[in-house]
Amino acid sequence: AGTIFFQASRHGWVRDVATDMPARASLEDGTEPQNLPGFPLVWFDDIQVAADVNDFVQGLLVTGAASVLYGESNSGKTFLATDLALCVAAGIPWNGKRVEQGGVIYIAMEGGQGFRNRVFAWKTDHDTLATPVYFAAIQSSVNLLNPEADLEKLIITVRAAAKQIPVPVKLIVVDTLSRALAGGNENSPEDMGALVMNVDHLRAQTGSHVLAIHHSGKDAAKGARGHSLLRAAIDTEIEVVDMEGNRTATVVKQRDLAKGDVHHFTLSVVELATNRHGEPVTTCLVKFADSLAPVAQQHRRLPQSQQRAISVLTDLIAAEGQTGHAGTPSGIPSVPEGWWRERYYDRAMPGAETKAKEKAFRRAADALVSSRLVGMGARRVWLVYGAAESAEGAEHGSE
């Protein structure tokens, strides 16, 4: 029972069977099996080379795939995602990358006022565009954990939007993934697995790429927060890191394209209006750069604790660094080691216990010295990023 026989010819089956269970049941009760739809087959003779990956954002996003863009709070990830989405909707290049125009549905579940300001600023900055911008927002909660909640409503909405524009809806942005989990546990394989399955269903029914904005975990070196099956399921993963205003978006995973691309950017503050108290209303625009400042470029992949320690040291040296002390490199500004330690305690761990602060600082400082990113001698510390760099270079790294 349960054995399925098929003819030698590839053109016909003895029985049409969708799953093993219905076939077994029909054989046991003596009735004929039902003609159930099966999975489509691609035969060996029909498989040809896939020469063209359908990347609607060159080398970054593939039609119908899924991606996660993640980073720490205030890293700039939401500004970057908004900029990317609007470039797709307008069909204009994104940081030099070719973009094929498509409709965009942006699910903004956090910071409604901030979202509107980001879009308005981009609109104002691109007021000379000759092409329409096929961009629409959903500013309400969407539950992607329970398939009986909002999934089908979302699919209907995307399909309806597609009928109103002359291009397909290529991108759905979920801002943020944790809100879409609707109270579910990010670390639970059951909850994360359910969300992944629902995202897969959304992609299959709309043909759109789904990009979820997410947060880093406690250990930044381990990537996005939550259960590891999320990373296993997605096609593209982009990590956003901020080093004192010098920001990077690094493609750390690609299933069908080359990974490793790094996009350098800063956030430029723009004033939009004045509120009823006479105070300026501001937001930011993404400004891309060819590379990071020297210090930020070297340190952007450090663990979070070391990033904090070197960020503190960079600011301290920019403000208080002095050259010419015995036991320190000529021309390189340094500060007393104790200043670095105390400033780290104040900025990086203001509410922690003394022992926890001491342990965290010592571990981070030892690692940075061992990696030859920080120099130490004569009870003073300095940044190590090449003997040719001067005090001016150290100050530039903190901008």
Side-chain angles (χ1 to χ4, degrees), residues 64-82 84-85 104-119 135-161 169 171-206 208-242 252-253 304 351:
S67 60
V68 168
L69 187 150
Y70 72 92
E72 294 183 4
S73 296
N74 301 316
S75 63
K77 59 184 180 294
T78 305
F79 288 99
L80 191 73
T82 303
L84 173 59
V104 175
I105 304 297
Y106 196 112
I107 308 173
M109 290 179 274
E110 292 187 356
Q113 181 174 336
F115 166 76
R116 291 192 293 272
N117 287 346
R118 287 193 299 274
V119 175
F135 182 93
I138 297 174
Q139 289 194 266
S140 58
S141 296
V142 176
N143 183 336
L144 292 180
L145 175 63
N146 181 358
E148 303 299 323
D150 299 324
L151 182 59
E152 293 305 321
K153 185 192 300 185
L154 179 57
I155 292 171
I156 291 170
T157 302
V158 174
R159 288 175 173 172
V169 175
L171 180 63
I172 300 170
V173 180
V174 178
D175 185 4
T176 62
L177 184 144
S178 58
R179 287 294 183 96
L181 265 171
N185 184 354
E186 293 178 346
N187 297 309
S188 162
E190 291 79 15
D191 288 354
M192 190 63 82
L195 181 135
V196 167
M197 289 183 64
N198 291 332
V199 167
D200 286 347
H201 184 67
L202 175 62
R203 295 189 294 128
Q205 294 300 312
T206 62
S208 304
H209 183 111
V210 177
L211 183 153
I213 301 174
H214 198 25
H215 297 88
S216 300
K218 291 182 180 179
D219 185 350
K222 294 183 179 179
R225 196 169 69 191
H227 197 274
S228 60
L229 66 78
L230 173 66
R231 187 172 196 272
I234 61 172
D235 302 279
T236 302
E237 189 176 31
I238 306 166
E239 180 188 34
V240 178
V241 174
D242 172 26
V252 295
K253 178 186 176 182
Q304 184 175 357

Minimum-distance pair of heavy atoms, taken over all atoms of [X] and [Y]:
{"X": "Ile234", "Y": "Glu237", "answer": "CD1-CB, 3.9 Å"}
{"X": "Ser208", "Y": "Val158", "answer": "OG-CG1, 4.3 Å"}
{"X": "Met109", "Y": "Ser140", "answer": "CG-O, 3.4 Å"}
{"X": "Glu110", "Y": "Ser178", "answer": "OE2-OG, 4.3 Å"}
{"X": "Ala85", "Y": "Leu171", "answer": "CA-CD2, 3.9 Å"}
{"X": "Ala224", "Y": "His214", "answer": "CB-CD2, 3.8 Å"}

Does a side-chain heavy-atom distance below 4.5 Å link [X] with [Y]?
{"X": "Leu80", "Y": "Lys77", "result": "no"}
{"X": "Glu72", "Y": "Asp242", "result": "no"}
{"X": "Leu177", "Y": "Leu230", "result": "yes"}
{"X": "Leu144", "Y": "Leu154", "result": "yes"}
{"X": "Val169", "Y": "Thr206", "result": "no"}

Between [atom1] of [X] and [atom2] of [Y], what distance do you get to the nearest 0.5 Å?
{"X": "Asn198", "Y": "Glu148", "atom1": "CG", "atom2": "CD", "result": "9.5 Å"}
{"X": "Asp175", "Y": "Thr78", "atom1": "CG", "atom2": "OG1", "result": "5.0 Å"}
{"X": "Asn187", "Y": "Met192", "atom1": "CG", "atom2": "CE", "result": "7.5 Å"}
{"X": "Leu195", "Y": "Leu151", "atom1": "CG", "atom2": "CG", "result": "10.0 Å"}
{"X": "Thr82", "Y": "Ile213", "atom1": "OG1", "atom2": "CD1", "result": "6.0 Å"}
{"X": "Lys153", "Y": "Ile138", "atom1": "NZ", "atom2": "CD1", "result": "10.0 Å"}

For this session: Quick one: sort the Phe135 and Phe115 rings into parallel, tilted or perpendicular, breaks at 30° and 60°.
Result: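 Correct class here is parallel.
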
For this session: Please report the C-alpha distance between Val119 and Arg116 in whole Å, then the side-chain angles of each, then the deciding distance to 0.1 Å, and finally whether the side-chain contact (heavy atoms from CB on, under 4.5 Å) criterion is met.
Result: CA-CA 5 Å; Val119 175; Arg116 291 192 293 272; 6.0 Å; no

Exercise. Do His201 and Glu152 have side-chain atoms, one donor and one acceptor, less than 3.5 Å apart?
Worked result: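 Their side chains do contain a donor-acceptor pair, which is all the 3.5 Å distance test asks for.
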
[X] side chain to [Y] backbone, donor-acceptor under 3.5 Å:
{"X": "Asp235", "Y": "Ser67", "result": "no"}
{"X": "Lys253", "Y": "Val68", "result": "no"}
{"X": "His215", "Y": "Ser73", "result": "no"}
{"X": "Asn143", "Y": "Ala182", "result": "no"}

For this session: Just do the side-chain contact (heavy atoms from CB on, under 4.5 Å) check on Leu211 and Leu84 with the steps written out, would you?
Result: CA-CA 11 Å; Leu211 183 153; Leu84 173 59; 4.1 Å; yes

Problem set entry | CA sep, side-chain torsions, deciding dist, call: Ile105, Thr157, side-chain contact (heavy atoms from CB on, under 4.5 Å) | CA-CA 9 Å; Ile105 304 297; Thr157 302; 5.6 Å; no

